[in-house]
Amino acid sequence: MEKIIIAQKICDEAKSILEKNADLLFITEGNLEELKDSLKIKNVAGIILGTWVKFTKEMMDYAPDLKFISRTGAGVDNVDVKYATEKGILVLNTPEANLVSVAEHTIAMLSAISKQLLFLDSELRKGNFKARRLNLPVDIDGKVLGLIGCGKIGQLVAKKCISAFDMKVMGYDPYVKGKIENIQLVEKIEDIFLKSDYISLHLPLLESTKNLVDKKLLSLMKPSSYIINTSRGGIIDEEALAEKLEKKEIAGAALDVFINEPPDSSSALLRQNNIILTPHSAALTKECIVRVAIDAAMNAIDYLNGRTPKYVYNKEVLNLK
Ligand code: NAD
């Protein structure tokens, strides 16, 4: 039987789907040496992969029989997809399983920063009931949400923000053709930064989107506005953002993703008090980790059984469009 490396914790449902079709080699999440050794084993046909490891050319070259990399998530920026494609290795992902969870996390962050929840909670615990008159929260109702990236998650966030808060939604996405219901698309990214009360990022990390949100764009934000990133670290210039927060030139920020994960302890972002930070956990809800692992397992099993997996990222390997 072929072997599959399980390089992150997965649920029992996904395990039982996989073990009927392959021998499973379990790797301790975070143990790079153990992973490298396992990749060298004969008949390792695939790997179920999270985001903790950069799956580089070097890693692929360790694995003589590798045929697929099945990501438990949508983003494939930790995989050298170009090299995988050259080698004929399929990159599979799970682009639908985590949409709701990431959209909800985004809105939870938007609500928490607006309502000063972390500040009020920590002051109350210190006995400072008078905090209720400090750092006043703001209402969200009717405010402008500006999306950078209007794909699946961006559109879901828009829909939920409209129904929950009656927000007006603007969006910048140069690849969208035509209109999107309830989102006013703009041609210039600058307009999002100038006009939004909340800016929310929902785009992939690519060479072209690295540091897209730089000092110049951040300088266009209104002093009362907030920025939220649940997409990928590296899209916002973290130093420039920390400076804006430090100088109180914007109202606040919320980040689930960082250039380095975990972020360096020296990161200026960690010293700001007008920011909420979560450890890349938007998609780690109890329900989502099950959905994602099952989709990743099904992708792998479909491939091993000669069927076309539902979610193939580098379709060129299969000559699919
Ligand atoms: P999607 O592919 O449906 O949408 C991404 C959108 O970004 C597309 O419409 C694309 O045209 C747009 N885009 C690409 N380059 C752009 C640019 N330069 N400027 C503006 N828009 C641009 O993806 P999705 O499912 O909506 O997910 C969005 C991102 O969320 C993913 O790329 C992924 O990295 C991230 N994500 C994060 C988590 C998490 O745990 N925090 C979980 C899932 C997904």
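Keep in mind that the numbers below use all heavy atoms, side chains included, and drop hydrogens, waters and symmetry copies. All ligand and atom numbering here is 1-based and tracks the order in the structure.
- Applying the side chain to side chain donor-acceptor pair (under 3.5 Å) test to every pair with at least one member in residues 295-306, sequence neighbours left out, gives these pairs: Asn21-Asn305, Asp302-Arg307.
- The option with the heavy atom closest to atom 7 (O) of ligand 1, from among Pro95, Pro204, Gly151, Gly75, is Pro204.
- Ser231 O, 3.5 Å is the protein heavy atom nearest to atom 35 (C) of ligand 1.
- Note on Glu243 versus Lys215: salt bridge recorded, some NZ/NE/NH1/NH2 to OD/OE distance being below 4.0 Å.
- With a 4.0 Å cut-off on non-hydrogen atoms, His280 touches ligand 1 through its side chain and not its backbone.
- Distance alone, capped at 3.5 Å, is enough to place a donor-acceptor pair between the Asp197 side chain and the Val144 backbone.
- Sorted by first and then second residue, the ring-ring contact (aromatic ring centres under 6.0 Å, His included) pairs with a member in residues 207-231 read Tyr198-Tyr226; sequence neighbours excluded.
- With a 4.0 Å cut-off on non-hydrogen atoms, Asn98 touches ligand 1 through its side chain and not its backbone.
- Contacts of Arg232 with ligand 1, taken as heavy-atom pairs under 4.0 Å, involve the side chain alone.
- Using a 4.0 Å cut-off between heavy atoms, Thr209 contacts ligand 1 through its side chain alone, with no backbone atom that close.
- The single protein non-hydrogen atom nearest to atom 42 (C) of ligand 1 is Val102 CG2, 3.3 Å, given as residue, atom name and distance.
- Distances shorter than 4.0 angstrom occur between a heavy atom of Pro174 and an atom of ligand 1.
- Within the set Asp173, Leu203, Leu99, the minimum heavy-atom distance to atom 12 (C) of ligand 1 is found for Asp173.
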Verdict with supporting geometry, Asn78 and Thr51, side chain to side chain donor-acceptor pair (under 3.5 Å): CA-CA 6 Å; Asn78 63 323; Thr51 51; 5.7 Å; no

